[in-house]
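These notes are about the structure you will find just below.
Predicted model only: the values in this text are computed from it and were never measured.
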Amino acid sequence: MSWKPRPALAGLTMVLVTVLAACGGSSDKGASAQAGSAKGGSSYADQHEDKPVEVAGLRDSVRHVSRKTARSTRPHLVQKCATDTVKVKHIRRSKGRTKTWYTTSKHQECKKVRKGSETYTRVVRQERWCVRLDDVNGKPRKDDVWYRVRPATYSEVNQADARAKVTFEPVAQGC
């Protein structure tokens, strides 16, 4: 009687898969949380994507950060095309006779090449509108929290009195 390793190996494999599934299994929430942290963080709106999140609190201050630009240069690329003419030989055989004629076929090949440089306006910092709240969502210890908002929301909050209760939907947390 000879020893057959296949059933023993199959049983060992099944036990190993069961143990690994029990110990290393992850739900979708855990996988998405790990993926979010691997991306390096996400915006406030992305974290609360399923429903619009409104925050409420006492108006502390507002800040408008203007757009900052700088003049910069980059290579100027132009399209350079080369036309190639190829002589094509055609042959037709019919009833023991051979007829030969030639045609020319033009092929155009284009590529971008650098020719000088050009100046352009580079955006160093995007324009943003921010609001700072105290007592966020009724929590007295949650003070001085900055939220990035849309321009229309910024103007509404800016017109409100100091320490007035405001409610809005932020674009992102922080400024």
- Heavy-atom count around Arg163 CZ within 6.0 Å, excluding the residue itself: above 12? yes
- May I ask you to check whether over 12 heavy atoms, not counting those of Arg150, lie within 6.0 Å of atom CZ? no
- Message: Using the rule given for side-chain contact (heavy atoms from CB on, under 4.5 Å), can you reason through Asp161 versus Arg59, listing the C-alpha separation, both sets of side-chain angles and the distance that settles it, and then say yes or no?
- Response: CA-CA 8 Å; Asp161 295 331; Arg59 178 190 182 271; over 6 Å; no
Are the side chains of [X] and [Y] in touch, meaning some heavy atoms are under 4.5 Å apart?
X	Y	answer
Lys142	Leu133	no
Asp134	Asp144	yes
Ser61	Trp146	yes

- Message: Between Arg128 and Cys175 (side chain of the first, backbone of the second, donor and acceptor by atom type, cut-off under 3.5 Å), is there such a pair?
- Response: yes
Shortest non-hydrogen separation from [X] to [Y] and the atoms involved:
X	Y	result
Thr103	His90	OG1-NE2, 2.8 Å
Glu54	Asn137	O-OD1, 4.1 Å
Ser155	Ala152	OG-O, 2.8 Å
Val88	Ser105	CG2-CB, 4.0 Å
Gln108	Cys81	NE2-CB, 3.5 Å
Arg114	Pro75	NE-CB, 3.6 Å

- Item | Apart from Val113 itself, residues in the same hydrophobic cluster as defined by side-chain heavy atoms under 4.5 Å | Val78
For the atom pair [atom1] ([X]) and [atom2] ([Y]), what is the distance rounded to the nearest 0.5 Å?
X	Y	atom1	atom2	result
Glu109	Lys111	CD	NZ	7.0 Å
Arg148	Thr153	CZ	OG1	13.5 Å
Asp135	Arg141	CG	CZ	12.0 Å
Tyr120	Thr73	OH	OG1	7.5 Å
His76	Ser117	NE2	OG	9.5 Å

Would you be so kind as to tabulate the donor-acceptor pairs closer than 3.5 Å made by side chains of residues 62-72, with sequence neighbours excluded?
residue : atom : partner : partner atom : Å
His64   : NE2  : Glu127  : OE2          : 2.7
His64   : NE2  : Trp129  : NE1          : 3.3
Arg71   : NH1  : Thr121  : OG1          : 3.4
Arg71   : NH2  : Thr119  : OG1          : 3.1

- ILVMFWY network linking Val131 to Val136, side-chain heavy atoms under 4.5 angstrom: yes
- Item | In one Ile/Leu/Val/Met/Phe/Trp/Tyr side-chain cluster, 4.5 Å: Val149, Val166 | yes
